[in-house]
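Inspection log for the structure reproduced underneath, given as structure tokens.
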Amino acid sequence: MFEKDEKINSLVDMGFSEDEANMAIIRCGVDGDLSVLVDSISASRVAGNLNLSNHQVMGGCFDSFGGRKKARLVEERKKKRKRCGCTGQSNQPSLDCNHDEDMLIPNPMVGFNLPNYSLPLVRVTRRILEQDMGPPYFYYENVARAPTGVWATISRSLYDIQPEFVDSKHLCATARKRGYIHNLPIENRAPLLPSPPMTIFEAFPRYKKWWPSWDQRTQFNCLLTGVAGPKLTGKIGRALASADTPPSQSIQKYVIDHCKRYNLVWVGKNKVAKLEPQEIEYPLGFPKDHTRGLGDTNRYKSLGNSFHVDTVAYHLSVLKGMFPNGVNVLSLFTGIGGGEVALHRLGINMRTVVSVEIDKASKRIFRDWWNQTQTGTLIEIDDVKSLTDDQVATYVTTFGGFDLVIGGSPCNNLAGCNRSSRHGLEGKQSVLFHHYVRILNAVKSAMARK
DNA sequence: GGGAACATGAAGCGACAC
DNA sequence: GTGTCGCTTCATGTTCCC
């Protein structure tokens, strides 16, 4: 009984009514995962609004990877069932078999299509139910390498739409493996121009002078929220200074391992250094000095948490022809405004942006950028938890609806480098994903009533 | 007190050998 | 088909220092 009360409280905190929470527990059982309960309520709401009684049955009908890939997925699942002793015949979700719901990430990670990508891509026959097509268009982002089962849950919560996994290394000089779920068209996309540099030396030619031949990196790994300090770079310098020329294999490995982990660059003889914040802005697609004015720690953190602008812009580019008079945007987890920068660089006018962001430093960066570049209306809200369905409905009435709902919910509990609290979608921060779903459903409902 | 630096783990995947 | 190894990762908690 305690567990039931706790789950009801959690759902009420998310903005659902007590009746809805109770009904979901009756449908799914008190043992049902919180995400399953949220899905159940969302599905009920959509079914209610659209007068559909079999929404769950109608969902999940995409053919994501083409025949061979799909067959491989089925094979993999069979193998995993075998390994864990599951029969796969039960309709009930099993906690022991969560990995049964994993989602294969394509290799290479190039999404549905990419500009100037020469290799043949997998056939995409994405199907989206009519009631889930835009407007409103939505765009959701998070880390690709989330714990097993997370992307299946996210996809299920977002109308069973297939995620598009893209590594930004195919578009710029730095890796950033991300998954995107959206209901945007995928034909006639256009990249931002000029194209960003694809290698470290193209982006930062001055580092070529001191780059040793045995450091064969041509691109950076993912630019994270943390960076190396002077103690580490000093240690590397001393190790190289006392080593032979060229250094022994073991010294080389020690240095390269740290260079890869912290994306260090060569700034002198035997001298490595971290990238400066303004250097990180560049490959991520932000304007120069976008984050200037904050302390370096906040700059690294906000940039590490941001969108890759060129990737997002490529996906959003289809909106340009669809909305020549501009768009109304509901921006959840805005951060430093990667989505808005992408729209701006595409030349898409933002008539209104309702921005929800809790971090004061990121809000300041985004507000400053908005005031310098935009003429539309900016409404700021502090927390997704405080944005009620009624408020959403009022905004829909006031602005005539939202054309785009965009955001990437916190990855803290999903990211591979979190060694202490990688708890998945129910983790302290990442649980906010359910508010994205709730708010998106509120927008859809309000717009359907218009 | 707050910002910066440091030390830290493991899940998940691909490549490869057998 | 299976096991092993190496690599990558939108981070976190603690300590240090101003």
Side-chain angles (χ1 to χ4, degrees), chain A residues 72-73 75-76 78-80 82-83 98-99 101-109 140-152 165-169 174-180 216-217 219-236 253-254 256-264 273-274 276-277 280-281 283-286 291 294-309 311-312 333-336 338-339 357 359-362 407-424 427-430 432-433:
Chain A
R72 191 182 149 201
L73 176 64
E75 260 325 291
E76 289 287 327
K78 276 184 188 170
K79 277 189 231 166
K80 288 187 174 182
K82 197 176 167 186
R83 279 204 290 274
N98 277 346
H99 55 252
E101 299 183 15
D102 61 353
M103 191 164 280
L104 287 180
I105 295 175
N107 183 22
M109 205 184 289
Y140 175 81
E141 181 257 20
N142 216 317
V143 292
R145 306 287 191 196
T148 306
V150 163
W151 272 105
F165 294 103
V166 182
D167 187 340
S168 67
K169 74 176 185 181
T174 179
R176 208 169 189 79
K177 298 174 179 64
R178 296 291 181 268
Y180 306 88
Q216 297 185 344
R217 289 175 297 154
Q219 291 187 304
F220 294 117
N221 280 332
C222 187
L223 299 163
L224 303 175
T225 56
V227 289
K231 192 172 176 181
L232 176 66
T233 52
K235 202 170 160 187
I236 291 172
K253 185 175 184 319
Y254 166 76
I256 293 294
D257 283 352
H258 284 87
C259 285
K260 285 181 175 176
R261 180 171 183 135
Y262 292 107
N263 289 307
L264 302 175
K274 64 186 178 185
E276 297 296 329
I280 294 178
E281 290 166 351
L284 291 181
F286 288 95
T291 58
L294 300 180
D296 278 359
T297 301
N298 271 331
R299 294 182 77 182
Y300 286 119
K301 187 180 168 195
S302 59
L303 286 162
N305 284 323
S306 72
F307 282 174
H308 178 243
V309 172
T311 303
V312 173
F333 313 101
T334 303
I336 56 174
E357 173 57 51
D359 182 69
K360 286 180 181 163
S362 296
S409 60
C411 68
N412 309 45
N413 310 114
L414 311 181
C417 51
N418 184 346
R419 65 189 175 88
S420 58
S421 56
R422 198 185 185 194
H423 298 150
K428 189 178 171 186
Q429 290 92 0
S430 297
L432 294 176
F433 159 73

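Hydrogens, waters and symmetry mates play no part in the numbers below; they use all other heavy atoms, side chains included.
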Any side-chain N or O of A:Lys177 below 4.0 angstrom from OP1/OP2 of C:dT9?
yes
Would you please name every residue forming a ring-ring contact (aromatic ring centres under 6.0 Å, His included) with A:Tyr180, sequence neighbours left out?
A:Tyr139, A:His315
Could you say whether A:Tyr262 or A:Arg145 is positioned toward the 5' end of DNA chain B, judged by the nucleotide with the nearest heavy atom to each?
A:Tyr262
Between B:dG12, C:dC7, B:dA5, which nucleotide has the shortest distance from any of its atoms to the side chain of A:Pro230?
B:dA5
Expressed as a whole number of angstroms, how long is the span from A:Trp151:CH2 to B:dA11:P?
21 Å
Interatomic distance, A:Asn142 CG vs B:dG12 C1' [rounded to whole Å]
16 Å
Length of the line joining A:Asn107:CG and B:dC13:C1', which is rounded to integer Å
9 Å
I want to confirm an ordering. Mapping A:Ala415 and A:Tyr300 to their closest nucleotides on DNA chain B, which one lands closer to the 5' end?
A:Tyr300
Does A:Ser306 make a side-chain N or O approach to OP1 or OP2 of C:dC10 shorter than 4.0 Å?
no
Once you round it to whole Å, what is the distance between C1' of C:dT8 and CZ of A:Arg176?
14 Å
What is the nucleic acid contact for A:Gly229, judged by heavy atoms within less than 4.0 Å: base, sugar-phosphate only, or nothing?
sugar-phosphate
Using a heavy-atom cut-off of 4.0 Å across all strands, would you classify A:Thr233 as base, sugar-phosphate, or nothing?
nothing
So which one's nearest nucleotide on DNA chain C is more toward 5', A:Cys417 or A:Lys260?
A:Lys260
Please convert DNA chain B into dot-bracket. A pair counts if it is Watson-Crick or G-U wobble with both distances under 3.5 Å; crossing pairs go in [ ] and bases paired with another strand get |.
||||||||.|||||||||
Rounded to whole Å, how long is the line connecting atom CG of A:Asn413 with atom P of B:dA10?
17 Å
Base, sugar-phosphate, or nothing: which does A:Asp296 touch, judged by heavy atoms less than 4.0 Å apart?
sugar-phosphate
Distance test, side-chain N/O of A:Arg178 to OP1/OP2 of C:dC10, below 4.0 Å:
yes
Hey, does the side chain of A:Asn413 reach the backbone of A:Gln429 with a donor-acceptor pair shorter than 3.5 angstrom?
yes
So A:Tyr300 and A:Thr291, side chain to side chain donor-acceptor pair (under 3.5 Å) or not? Walk me through it.
CA-CA 9 Å; A:Tyr300 286 119; A:Thr291 58; over 6 Å; no
Indicate whether OP1 or OP2 belonging to B:dA10 is found under 4.0 Å from a side-chain N or O atom of A:Asn418.
no
Quick one: does any side-chain atom of A:Asn221 pair with a main-chain N or O of A:Arg261 as donor and acceptor, under 3.5 Å?
no
Is the distance from OP1 or OP2 of C:dT9 to the nearest side-chain N or O of A:Asn221 less than 4.0 Å?
yes
Between A:Lys428 (NZ) and C:dT12 (P), how many Å, whole number?
10 Å
A:Leu294 atom CG is separated from B:dG2 atom C1', nearest whole Å, by 15 Å
Output for pair (A:Asp167 CG, A:Arg178 CZ), nearest 0.5 Å, gives 9.0 Å
What do you reckon, is NZ of A:Lys274 surrounded by more than 12 foreign heavy atoms closer than 6.0 Å?
yes
Looking only at N and O atoms, is any donor in the side chain of A:Arg261 or the base of B:dG9 less than 3.5 Å from an acceptor on the other one?
yes
May I have the distance from A:Leu414 (atom CG) to B:dG12 (atom P), rounded to whole angstrom?
11 Å
Please state whether the phosphate of B:dG3, meaning OP1 or OP2, lies under 4.0 angstrom from any side-chain nitrogen or oxygen of A:Thr297.
no
Here the gap from A:Thr174 atom OG1 to A:Asn263 atom CG, rounded to the nearest 0.5 Å, amounts to 6.0 Å
